[in-house]
Novice: 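Sharing a structure below in structure tokens format, with a few things to ask.
As the structure is a computational prediction, the values presented were derived from the model and not from experiment. Atoms within a ligand are numbered from 1 in the order they appear, just like the ligands themselves. We count residues from 1, following the sequence as given.
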Amino acid sequence: MRKQVIAGNWKMNKTHTEANEFVQATKHEVPSASEVESIVCAPFPFLQKMVEETNGSSLKVGAQNMHFEESGAFTGEVSPVMLKELGVTYVVLGHSERREIFEETDEVVNKKVHAAFNHGLTPIVCVGETLEQREADQTMDHVESQVKKALEGLTVEQIADTIIAYEPIWAIGTGRTATSEQANEVCTHIRKVVGEFANTEAAEAVRIQYGGSVKPANVDELLSQSDIDGALVGGASLEADSFLKLVEAGKHE
Ligand SMILES: O=C[C@H](O)COP(=O)(O)O
């Protein structure tokens, strides 16, 4: 039985004050970590304070990106060593906004996934198709290629510990959610790909989230699907009440 993992991705939103207000409103309210993994992936400047404030609670803190090198002349970048020392435990990698706006390639995403494991961070690896790819019936091939390239070179144990987020790009921030059947169909395919790429145990263990306009009104339906093990949530994770409803839903699946 895989534990559901609900992660908020705040993207480039909130002030330091607002981030702290959110943490104070949620850190004692999230379900026990034995029932559901509750994560907030916040902008870099908020991470240290958020880790300190959530110490001892079931609310965990993640980053939204990082460089794959440990240190060096990479102006503006943040390394896995820095995140680990702060107490950050998760990192979102290869989000479609990073791939599209900042031109991150599959190769870069793969280097980042290795760097995350090398430094004890759990990667949340995002994959997903554009609307054009879906309409051209290329969804499965595209997602399969992204998954294989992201996981290349990992051990079977690392693959089992990876969180994969399936996010159809056409459903992100648009209010247009994939139907639960559409979402599950792709997540089932991802699990099959992991099974062929690693082994059956890794396929059974790997957690696959759905992301794209998830909100309290549709989360139960999505999480009830056989191969959906959680959600990566943008807009609906920004308000404490809404985030708490999402993690509560994860507890029941
Ligand atoms: O990382 C989160 C996704 O991009 C989904 O964002 P959204 O929930 O605002 O559609």
Novice: Say whether Glu129 and Trp170, considering side chains only, have a donor N or O and an acceptor N or O under 3.5 Å apart.
Specialist: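 Trp170 and Glu129 do have a side-chain donor-acceptor pair below 3.5 Å.
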
Novice: Once rounded to the nearest 0.5 Å, what's the spacing between atom OH of Tyr210 and atom CG of Leu232?
Specialist: 10.5 Å

Novice: Lys11 near ligand 1, heavy-atom distance under 4.0 Å?
Specialist: yes

Novice: Check ligand 1 against Asn9 and write out every atom of the ligand that is under 4.0 Å from a heavy-atom position of the residue.
Specialist: 1 (O), 2 (C)

Novice: Taking only residues at least two apart or on different chains, which pairs with a member in residues 40-53 satisfy salt bridge (charged side-chain N to carboxylate O under 4.0 Å, His left out)?
Specialist: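 Listed by first then second residue: Lys27-Glu53, Lys49-Glu53.
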
Novice: Just so I know, are the side chains of Asn118 and Lys84 near enough to count as touching, which here means a heavy-atom distance under 4.5 Å?
Specialist: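 Not touching, per the 4.5 Å side-chain cut-off.
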
Novice: Using heavy atoms and a 4.0 Å limit, tell me yes or no: is Ala236 in contact with ligand 1?
Specialist: no

Novice: Using a 4.0 Å cut-off to any heavy atom of Gly234, which atoms of ligand 1 qualify?
Specialist: 2 (C), 5 (C), 6 (O), 7 (P), 8 (O), 9 (O)

Novice: Side chain or backbone of Lys215 under 4.0 Å from ligand 1, or both, or neither, by non-hydrogen atoms?
Specialist: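 Lys215 to ligand 1: no contact under 4.0 Å from either part.
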
Novice: Among all protein heavy atoms, pick the one closest to atom 2 (C) of ligand 1 and tell me residue, atom and distance.
Specialist: Glu167 OE2, 3.1 Å

Novice: Between ligand 1 and Gly173, is the shortest N or O to N or O distance under 3.5 Å?
Specialist: yes

Novice: Has ligand 1 got any nitrogen or oxygen that is less than 3.5 angstrom from a nitrogen or oxygen of Glu97?
Specialist: no

Novice: In ligand 1, which numbered atoms sit nearer than 4.0 Å to a non-hydrogen atom of Gly235?
Specialist: 7 (P), 8 (O), 9 (O)

Novice: Return all side-chain donor-acceptor pairs below 3.5 angstrom for residues 61-69, not counting sequence neighbours, or 'none' if the list is empty.
Specialist:
from	atom 1	to	atom 2	distance (Å)
Gln64	NE2	Lys11	O	3.1
Gln64	NE2	Cys41	O	3.1
Asn65	OD1	Lys112	NZ	2.8
His67	ND1	Glu69	N	2.8

Novice: Do Thr130 and Glu100 have side-chain heavy atoms sitting under 4.5 Å apart?
Specialist: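 Yes; the side chains approach each other to less than 4.5 Å.
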
Novice: Could you list which atoms of ligand 1 come closer than 4.0 Å to a heavy atom of Gly212?
Specialist: 5 (C), 10 (O)

Novice: Does atom CD of Gln24 have more than 12 heavy-atom neighbours from other groups under 6.0 Å away?
Specialist: yes

